[in-house]
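Okay, structure first, notes after.
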Amino acid sequence: DAGVIQSPRHEVTEMGQEVTLRCKPISGHNSLFWYRQTMMRGLELLIYFNNNVPIDDSGMPEDRFSAKMPNASFSTLKIQPSEPRDSAVYFCASTWSSYNEQFFGPGTRLTVL
Amino acid sequence: AQTVTQSQPEMSVQEAETVTLSCTYDTSESDYYLFWYKQPPSRQMILVIRQEAYKQQNATENRFSVNFQKAAKSFSLKISDSQLGDAAMYFCAYRSEYDMRFGAGTRLTVKP
């Protein structure tokens, strides 16, 4: 099993640009989570999907952030327009039930200049 | 909202010794799971151990064990015979059906 796959691994962009982060969950998992990790705020849950449906997006910081899961094998997190304070490591994680442990991807390190 | 508190930002332990990392949480739910994750410098999040709230028996995984005190809402991680490879950030996590929360983390240093 390849595990959770995230791309790109590193992204450097300029303020105002659109950024799209991608995630492929583990096959068979039905829940997918997006997290943001910074030194100041630690690990924050942004949004999670269950069976491709967004369940809780209360962690999404602003309207500049949006997430989609068009099918069970793919999700995107988009930031438009990006700002320097969005610089962080973004993790995607998946699991197969509400109570099981999550499997994390390697993360995307985003730097907004 | 559920909160997870790790009161020790940093801990250190001598190689081969034992160390305990603390975690407390706040919840009004009766059905939930607790986890400890390890994040080494590679930043990959790795599950260390899990505990079901309905189980009274403390979970163990080789050198890792937990002390789960449900009434006190406490969930500490004990690492025995510490190894250099145990050096990492450790996150305590709470999971219920509709919620997932992580603590701020404890950075563990292992001294040779």
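Here is how names work: the chains are called A, B, and so on, in the same order as the sequence lines, proteins then strands, and each is numbered from 1.
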B/Phe91 versus chain A, the contacting section by heavy-atom distance below 4.5 Å: side chain
Proximal component of A/Glu44, with respect to chain B [non-hydrogen, under 4.5 Å]: neither
Enclosure of B/Gln56 CD (heavy-atom neighbours >12, cutoff 6.0 Å): no
Per-residue contact mode, B/Arg50 against chain A (heavy atom under 4.5 angstrom): side chain
A/Glu14 CD: over 12 foreign heavy atoms closer than 6.0 Å: no
A/Asn71, CG: over 12 other non-hydrogen atoms inside 6.0 angstrom: yes
A/Ile55 reachable from B/Phe102 in the ILVMFWY side-chain graph, under 4.5 Å edges: yes
NZ (B/Lys78) with more than 12 external heavy atoms under 6.0 Å: no
Close side-chain approach of A/Leu43 and B/Gln39, heavy atoms under 4.5 Å: no
Contact listing (chain B partner; residues 106-113 of chain A; heavy atom under 4.5 Å): A/Pro106, A/Gly107, A/Thr108, A/Arg109
B/Val4-B/Phe75 co-clustered via ILVMFWY side chain contacts under 4.5 Å: yes
Connected via hydrophobic side-chain network under 4.5 Å: B/Val110 and B/Met11: yes
Side-chain heavy-atom pair B/Phe35, A/Gln102 within 4.5 angstrom cut-off: no
B/Arg107, CZ: over 12 other non-hydrogen atoms inside 6.0 angstrom: no
Shared hydrophobic cluster for B/Leu84 and B/Leu77 (ILVMFWY, side-chain gaps under 4.5 Å): yes
Connected via hydrophobic side-chain network under 4.5 Å: B/Phe64 and B/Val19: yes
B/Glu52, part contacting chain A, at a heavy-atom distance under 4.5 Å: neither
Within 45° cone of A/Phe33 ring axis and under 6.0 Å: B/Arg95 NZ or CZ: no
Inter-residue atom distance B/Gln44.CD - A/Phe91.CZ, 0.5 Å rounding: 7.5 Å
Main-chain N/O of B/Val48 paired with A/Glu101 side-chain donor or acceptor, under 3.5 Å: no
Rounded distance [0.5 Å steps], CZ in A/Phe104 versus CG in B/Leu47: 9.5 Å
Between CE on residue B/Met100 and OH on residue A/Tyr35, distance to nearest 0.5 Å: 4.5 Å
